[in-house]
Each structure stands twice: as structure tokens, then as C-alpha cells.
Amino acid sequence: MSTTQLLNQLSNLPAQKPQNNALFLGTWADKDYLTHIKSMFSGVTTYTVCEPVKLLTQLELYCSKRSITRVVSTNTDILVKLLALEGNVKESAALSDYAGSLFTYRGIEIVFIDPLAQLLTVSYGRFITQRYISKVINPLSWPEATEFKWTLLSPENISEIYAQFHNALVIGVDIETVRENCAIRCIGYSAVFIDRTDRTPIRTVSVVLPMDSDWALAWVRKFNSLPAAKVLANGKYDCSYLLRFNAPLTNWLWDVQHMFHSWYSELPKDLAFLNAFFLRKVVYWKDLAETNDIEQYCRYNAMDTWATVNVWVQQLLQAPAWAKKNYVLEFPLVYPCLLAEMTGLKRDMGRLVSARADVDAKESSSLQSLRAMIDVPSFNPGSHVQVKSLMKVLGCADIADSSGEKNLNKASYRHPLNARIFTKILDIRGWRKLATTYLRLDSDKEGKKENGSKEFNGRILYALNPHGTDTGRLASREHHFWTGLQIQNIPRGPEVKQTICADDGFYLGECDLEQAESRDTANIAGDTSLISAVSGDRDFHSVNCSAFFGVPYESIYDDAVGKTLNKGLRDVAKRVNHGANYNMGAFTLVDTMGLENIFKARSLLNLKMTDPKKIAEYLLAQFHKTYPSIAGKYYVSVVNEIGTTSRLTSRAFHHTEYNLAHYSAVGYIETGDWTRYCFGRPDKNKLDLNSYVAHCPQSLNARTLNEAFLKVFYEIALPNPEHFRLHAQIHDSILFSYTEEGLRKNLPDKVREAMEIPVTIRDVSGTYRDFTVPAALKLGVKDKKTGEFIRAKYWSETE
DNA sequence: GAGCGAAGCGCC
DNA sequence: AAAGGGCGCTTCGCTC
């Protein structure tokens with residue numbers, strides 16, 4: 001019997017019975033939206049009050065007169081009063097924290113929801129509001145969580161509890177940490193026990209161990225080695241700290257954040273949200289973590305583990321098959337990600353200091369000249385407010401709503417004097433970004449805490465999160481140890497990458513999937529012209545140019561020498577292709593190309609019209625004429641699929657043994673690979689359509705690279721711990737390092753082979769095709785003088 | 001002085 | 001080189 005079947009049989013039954021009338025207790029701001037929630041009360045007689053109600057006694061009186069026993073509310077005055085009754089005294093409380101929290105007051109159940117305006121402004125507003133309202137309107141549809149009981153572990157009880165935990169079905173684990181020194185304050189465990197003979201067959205036992213002694217650490221190691229599967233919430237965080245203390249967690253198989261991301265990737269997934277989403281009778285408790293009382297703190301730790309296992313039970317019971325499949329695809333990525341996060345990359349500290357000095361020098365000389373030019377000695381180009389005023393002074397008030405790069409370029413196009421000033425501002429901003437974000441030194445602190453250098457023992461650390469994006473790409477941010485960098489947006493020039501290097505005895509290598517998203521788009525849409533254009537031997541943009549505008553390919557590009565002959569027109573085709581591919585409108589095309597380029601295109605193509613928007617429309621039309629399946633079939637299929645199922649499912653199959661072990665090829669395509677639940681309305685909202693149209697190729701590419709990441713982890717990194725290091729995945733590339741011995745074993749080539757995964761795909765018209773995105777290794781640079789190949793030691797050398 | 005949102009910008 | 005989409009970090013300027 002599977003775990004799910006077991007839980008299904010044993011699920012604790014809810015105890016409540018349906019009750020009397022209902023009340024919506026809102027605010028003035030909710031008045032306009034009342035019609036939207038009417039149907040959510042399932043026909044129960046519901047009163048509405050939007051006038052200010054400040055006292056619980058007022059509420060009680062109102063309810064008792066009308067036989068009201070359940071209340072849905074956005075009234076924060078009442079919320080604060082209810083919290084005070086629970087001993088949580090505060091002046092104000094945010095609905096965003098307490099949405100989904102349920103209180104009981106004198107026989108009345110009160111659930112709080114977000115302001116009704118969110119029904120229209122947040123794509124998932126209706127969905128969540130309906131769910132929370134059902135907590136009081138349809139309580140029988142909500143299973144009861146286990147009873148919360150917790151124990152502080154001590155020498156007196158720990159042996160006995162440890163023995164008891166050997167029989168657990170799963171164990172929830174959560175740590176609380178000290179940010180300043182990366183210590184672990186305490187660790188909580190919640191064991192789930194099953195007893196079919198019991199009235200409540202699912203039972204949990206929660207314990208907490210303060211981490212204040214070697215004795216405690218020794219016990220943590222024992223508990224972490226228990227045989228039960230572990231369930232965590234964002235477990236890479238906890239695992240990182242436990243690894244630091246040499247107390248690795250074994251058999252981590254479940255994670256409620258990854259499970260929820262696999263199900264509703266567009267929704268929040270912090271533990272507080274998951275509690276409110278899955279458990280009926282909960283009140284937000286994150287603010288309790290601010291306590292200084294260690295006992296209280298441990299209790300809070302225990303509640304988190306209790307919530308984690310209860311959420312886990314409900315996820316297993318309620319998640320549909322496609323979400324569980326997503327989980328199987330996503331969760332295993334935590335292991336290679338954790339390895340890469342704990343490996344990090346070495347920073348050459350000498351080079352860091354000199355690179356920073358170079359950047360600082362360029363910035364300060366530019367700043368000096370800018371200030372002299374405009375005669376404002378204190379001008380700060382980093383302040384958008386000041387730059388906007390400058391734009392107004394220089395006659396660009398009409399575009400001074402933003403001082404971003406696009407508008408500054410527009411302003412520059414108007415007058416050469418503007419160009420001198422605004423180009424300088426953009427230069428300075430560029431240097432500042434490099435210095436303050438990527439080349440930080442300890443001296444940048446200036447009294448502010450945690451604002452100095454980014455290295456951890458001379459290394460750049462980072463987090464790689466498989467649950468960070470809506471498309472299945474990994475997201476990156478600073479490391480769990482509260483330092484390091486987002487590793488996926490390191491600037492492409494040498495300025496920063498020359499300071500990041502392989503470890504002693506290692507070389508750095510990077511392997512890219514080439515034009516992956518274009519190939520994916522072509523194959524998903526099944527546009528045979530686009531497939532051959534993107535996978536052929538000829539220059540893609542020149543092929544487009546020829547097809548769009550009816551000029552001979554030979555006049556655009558010379559294949560023999562690999563040279564562009566008509567850069568201007570090829571450029572137009574490039575811009576049009578990129579824009580049209582993702583459903584850009586004519587207005588935006590004008591905006592992004594700039595008037596100069598639009599009129600350049602007009603003269604290159606001898607067009608008659610003078611309205612820039614008309615020119616852009618013409619350009620976009622040429623794309624859609626050439627590749628009719630993109631808008632004609634692919635966009636339409638996105639709208640239809642979401643309209644009928646609220647989901648987008650990738651009909652693609654990756655040929656790796658990991659997948660083959662789980663699914664047979666044909667059935668896999670029919671049921672789909674990665675599925676995204678879509679709350680947006682692509683039929684009504686163009687931005688939603690754009691994002692869903694972009695999702696499919698981006699997601700398919702992410703899936704391919706994620707499969708490759710797993711292959712590299714299992715087949716290359718793990719068997720060669722002395723000679724290979726897995727550093728990161730950067731959207732279409734994998735960054736690694738290897739030794740001389742690793743080179744003799746051909747490990748870089750094996751990375752490339754692992755990344756070239758054949759894919760079988762069913763296009764939107766039902767045609768099956770096989771294709772493989774080629775991967776290219778970047779292992780070094782040719783010396784410009786000697787022509788000798790230099791193996792990369794620094795990241796700047798893998799170009 | 002802390003906290004927060006907006007703006008801007010880095011990558012694929 | 002850079003549109004559309006996908007992200008996260010720093011600074012500024014404001015509020016509390």
C-alpha cells in the first residue's frame with residue numbers, strides 16, 4: 001500500500017457540524033466588491049456589515065440577534081481584539097499575515113480574508129478567498145489536524161523518545177538559527193505515527209532540542225540518522241546548517257514547499273501560507289518568533305514542525321496526480337542544488353580589490369565630469385528623483401516619468417547635448433552597479449550591519465532553488481548563510497568574472513545549450529519553417545531576414561566567410577523575430593526599437609507609411625506571415641488549454657534513464673511532463689497571455705537542463721569527488737570545474753554528452769517529432785598572440 | 001533608525 | 001544584441 005493510500009484510509013474525520021447563519025464583516029473598502037463573494041457562501045443566509053465595528057461585544061450582540069455562528073471578516077480592529085484575547089497584544093495586525101486565520105469567540109467562528117479588492121487585482125484572489133470562506137461555511141470539507149503536543153528534550157526523556165521515534169512513518173524537521181553567527185538555536189522534530197485501532201489513527205509527537213551543548217549535537221546526529229523519511233519546509237536551508245555541524249539529515253524525501261510549488265507554482269508557499277491553506281483551525285504565529293524567552297521560542301519551533309507534517313499529510317491526500325508527477329520531477333533537484341550551494345566558487349581576493357579599484361576610478365572620473373557639465377556639485381545619478389528633475393530641465397518633461405535606460409536613450413536621441421549628459425549617467429550607474437553589487441568590500445559597511453563583503457571563507461556562496469520560479473527554472477539568491485551572491489546574474493564582462501576562479505588544481509568549464517528556447521518554441525508550435533530555420537546550418541537571423549522581407553539570403557550573409565553583409569536589415573529581422581515570438585504589440589516594438597531604428601527600417605524596405613506604429617505593425621506581420629503557426633496555432637492552443645483545464649502541460653518526453661525508470665515513453669507524452677496551474681486569464685488579459693506564451697518554451701528548456709543537472713550530478717560529480725566539482729546551473733548552462741585527471745577521464749566531454757538529451761515532443765497539432773538541443777563546451781580561450789589554447793582558471797576565460 | 005516600496009539593473 | 005518572459009539585489013526616499 002502506498003503512503004497516500006494508507007493516509008486516505010486513516011484520515012482523521014472532522015468533528016464539526018454545519019451551523020447557522022453567516023456574516024460578512026468588512027470595511028468600507030469592500031463595499032464595491034460584495035457581489036463577487038455572494039456565491040461563496042453556498043446559499044447560507046448571510047448578513048453584511050461594512051460599517052466600523054470596533055468591539056467584540058458589538059459583534060457578539062449582532063450575531064446572537066440573528067443566529068449567526070460564523071463570520072468572514074476583513075475588519076482589523078476585531079482581529080486585534082481577538083489576538084489580545086490569545087495573549088498576543090499588538091496595536092495593529094496585517095490582514096496579509098492573518099488571511100486564513102480562524103478564531104473562535106463565544107461560539108462564533110471568525111475567519112479572516114484579504115481585502116475584497118484583491119478578488120480583482122490578484123489572479124488567484126477568488127480561489128484563495130473561496131477556500132478561506134469555506135473554513136466556516138463548509139467546515140466538513142476540512143479534515144482536522146492532529147492535536148499539538150510538544151516536549152522539550154532533556155537527559156531524562158530523550159532516550160525513550162528516541163526509541164519511540166524509530167516507529168515513526170515520517171519525521172518533520174525544522175531548525176531555528178541565529179543569523180549573526182550561523183549557529184543553530186534549536187531543532188524540532190514531529191514524528192507521525194499510525195495506529196489503525198485508535199480513534200484518531202494519525203497522531204503526531206513534537207519535540208524540541210535546544211542546541212546548546214556537545215551533548216545536544218550528539219543527539220541531533222542520532223535523530224537525523226533515524227530511518228523514517230524526513231519532511232521539511234524548504235529543507236535545503238536546514239540541511240545547509242546541519243551539514244555545517246556535521247549532522248547530515250538522512251532520507252529527506254519530502255518537502256512541503258516543493259510539493260506546493262509542484263501543484264500551484266503561482267501561489268505563495270511560505271509555511272505560514274501553507275498552514276492557512278491546508279489546516280482549518282490555525283492562527284498565524286510567525287510573530288511569536290520575536291520572543292526572547294527560549295521556552296516560548298522552542299514552542300514556536302515545535303509548532304512549525306507540527307504544521308509541516310500536518311500540511312504534508314493534507315498535500316498527499318489532496319494533490320492531483322499531475323502535481324505529484326511535478327514533485328517527482330522537481331524534488332530530486334534539491335540534492336545537486338545543495339551540493340552546488342555548499343561548494344560555492346573561490347573568489348580571488350587580490351583580483352577583487354584591484355577590480356574594485358579600477359571600477360571606482362572609472363566611476364569617480366565620470367562622476368566628476370558629469371557634475372562639472374551640469375554644474376551641480378552634489379548631483380547623484382543614482383537618484384531617480386534627481387535624474388528626473390534633470391530630464392525636465394533639459395526639455396524632456398514628457399518622458400520624465402521614468403529615468404530608466406530606455407527613457408534616457410530616448411532623451412539622448414533628441415539632442416547631442418542630452419546624449420553627452422545621459423550617456424554619462426548610464427555609464428556611472430553601470431560602474432556603481434558593479435562596485436556595490438558584485439565587487440563589494442568590507443569597507444563598504446559604513447556602520448551598517450551585514451553590508452560588507454560577500455565572501456564566506458573566501459568563497460562566493462549562493463542558493464539554487466528549484467521551487468523559485470513559475471516555469472521550473474532554478475532561481476538563485478544569496479546563500480542560506482545570509483551572504484554571497486545571486487549566481488545567475490553575474491555581469492557578462494570580465495570586470496567581475498575575472499575575480500571568480502576554480503580552486504587550486506582545478507580548471508573551470510561551462511557548457512551551454514545552444515538556442516534552446518528558439519528550438520523549443522519551434523517544436524512546440526510545430527512550425528516546420530521555424531524548425532528548419534533554427535536548426536539549419538545557415539545564420540538564423542539572416543534566414544529570417546530573407547523570408548520576412550523577400551531579399552536574397554546571399555545579400556544578407558556570406559556563409560563562406562561567416563560574415564554579415566547587410567547588418568542593418570539583419571538587425572531589423574532580429575528585433576522583429578524576438579518581439580513577435582513573444583507576442584509583442586506594435587506600440588511596444590516602436591518603444592523598444594526607438595524611432596531612429598523604425599525609420600531606418602522604413603527606408604531600408606522602401607515602405608510608404610509614415611506612422612511609426614503602422615511601420616511596426618507591418619514588420620510584425622512579416623513574421624507571422626513567415627511562421628503562421630506561432631500566433632495561428634500556438635498562441636491559440638495556449639488560450640484553449642488554459643480555458644478548458646486551467647493548466648498548461650508540456651507534451652514532451654526527455655530520454656534519460658531517470659525518466660524511463662518512472663514512465664513509459666508513449667504514456668508519458670500523453671499525460672504530459674511538467675504541468676503549470678494557471679490562475680491568469682490569457683483570453684482576457686494580454687499580459688497573462690504573454691506570460692503563458694513564454695512559459696512553454698522556457699519551461700521545456702528548464703526541464704531539459706534540470707534533467708541534465710541530475711545526470712551530471714549522479715554520473716559525473718558523485719563518482720569523481722576528487723576530480724570534478726559541480727558549481728551552478730545558469731538557465732541554459734552548467735558551470736563546473738575539473739582537474740587534470742578529470743580531463744584525462746574526459747569529464748568535460750561527459751558533461752556535454754549528459755546535456756544533449758533527446759526529446760520527443762507532440763506539437764500543438766498532434767504531430768510527434770524528435771529533436772536534441774546541441775550543447776557547446778567552453779573550456780578556455782585562445783591566446784591572442786601565440787594562438788595557444790589556455791584552459792580557464794577564471795570565469796572570465798570560459799567565454 | 002528600521003522598514004518598505006519603487007526604481008533601476010544584472011543575468012538567461 | 002536584446003524583445004518577451006523568468007528572477008534577486010541595491011539604492012533612494014519616504015513613513016513610522
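Please read these numbers as outputs of a predicted model, since none were measured by experiment. Just so we're on the same page: letters track the sequence lines, and every chain starts at 1.
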**Q** Indicate yes or no: at least one non-hydrogen side-chain atom of A:His731 is less than 4.5 angstrom from one of A:Leu705.
**A**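 Side chain of A:His731 against side chain of A:Leu705, heavy atoms only: no contact under 4.5 Å found.
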**Q** Return the value, rounded to whole Å, for the distance between atom CZ of A:Arg440 and atom P of C:dT10.
**A**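 Those two atoms, CZ and P, are 6 Å apart.
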**Q** Is the distance between the ring centroids of A:Tyr124 and A:Tyr264 under 6.0 Å?
**A** no
**Q** Please report, rounded to the nearest Å, how far the P atom of C:dC9 is from the CG atom of A:Leu439.
**A**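 In whole Å, C:dC9 P lies 17 Å from A:Leu439 CG.
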**Q** I'd like to check A:Lys686 versus A:Asp688 (side-chain heavy atoms, cut-off strictly below 4.5 Å). Are they in contact?
**A** no
**Q** Protein within reach of the bases, or only the backbone? For nucleotides 4-12 of chain B, mark each nucleotide 5' to 3' as B, S or -, using heavy atoms under 4.0 Å.
**A** ---SBBBBB
**Q** In terms of ring plane angle, is the pair A:His258 and A:His467 parallel, tilted or perpendicular, where the classes change at 30° and 60°?
**A** tilted
**Q** Please say which of A:Phe481, A:Tyr462, A:Trp482 ends up in a ring pair (Phe, Tyr, Trp, His ring centres under 6.0 Å) with A:Phe456.
**A** A:Phe481
**Q** To the nearest Å, give me how far apart CG (A:Leu705) and P (C:dG6) are.
**A** 19 Å
**Q** I'd like to know if the side chain of A:Asp683 reaches the main chain of A:Val639, judged simply by a donor and an acceptor atom lying under 3.5 Å from each other, with no hydrogens or angles considered.
**A** no
**Q** What orientation do A:Tyr627 and A:Phe623 show, parallel under 30°, tilted 30 to 60°, or perpendicular over 60°?
**A** perpendicular
**Q** Looking at CZ of A:Arg347 and CD of A:Glu455, how far apart are the two atoms once the value is rounded to the nearest 0.5 Å?
**A**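 Nearest 0.5 Å value for the CZ-CD distance: 4.5 Å.
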**Q** Please state how far atom CG in A:Asp470 lies from atom P in C:dG5, giving the value in whole angstrom units.
**A** 13 Å
**Q** Between C:dC9 atom C1' and A:Asp444 atom CG, what is the distance in whole Å?
**A**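 So the CG-C1' distance, A:Asp444 to C:dC9, works out to 14 Å.
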**Q** Taking only side-chain nitrogens and oxygens of A:Ser383, does any of them come within less than 4.0 Å of OP1 or OP2 of C:dT11?
**A**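 So the side-chain polar atoms of A:Ser383 never come under 4.0 Å of the phosphate oxygens OP1 or OP2 of C:dT11.
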**Q** Do any side-chain nitrogens or oxygens of A:Arg432 fall under 4.0 Å of OP1 or OP2 in C:dC12?
**A**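 Answer is no, no contact under 4.0 Å.
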**Q** Within the 4.0 Å heavy-atom criterion, would you say A:Asp571 contacts the bases, only the backbone, or no part of the nucleic acid?
**A** nothing
**Q** Just the rounded figure in Å: distance from C1' of C:dG4 to CZ of A:Arg575.
**A** 14 Å
**Q** May I ask you to say what A:Asn577 touches in the nucleic acid, namely base, sugar-phosphate or nothing, with a heavy-atom cut-off under 4.0 Å?
**A** nothing
**Q** Under 4.0 Å, counting only non-hydrogen atoms across every strand here, what does A:Asn690 touch: a base, just sugar-phosphate, or nothing?
**A** sugar-phosphate
**Q** Check A:Asp427 with A:Lys424, please: is the shortest side-chain N to carboxylate O separation under 4.0 Å?
**A** no
**Q** Any residue in residues 628-636 of chain A with a heavy atom nearer than 4.0 angstrom to DNA chain C? Just list them by number, or reply none.
**A**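 None, since no heavy atom is under 4.0 Å.
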**Q** Rounded to whole Å, how long is the line connecting atom CD of A:Glu266 with atom C1' of C:dG5?
**A**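 Interatomic distance, CD of A:Glu266 to C1' of C:dG5: 13 Å.
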**Q** Please tell me which of A:Gly579 and A:Ala475 maps to the more 5' nucleotide of DNA chain C, matching each residue to the nucleotide holding its nearest heavy atom.
**A**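 Closest to the 5' end, via its nearest nucleotide, is A:Gly579.
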**Q** Rounded to whole angstroms, how far apart are NZ on A:Lys454 and C1' on C:dG8?
**A** 11 Å
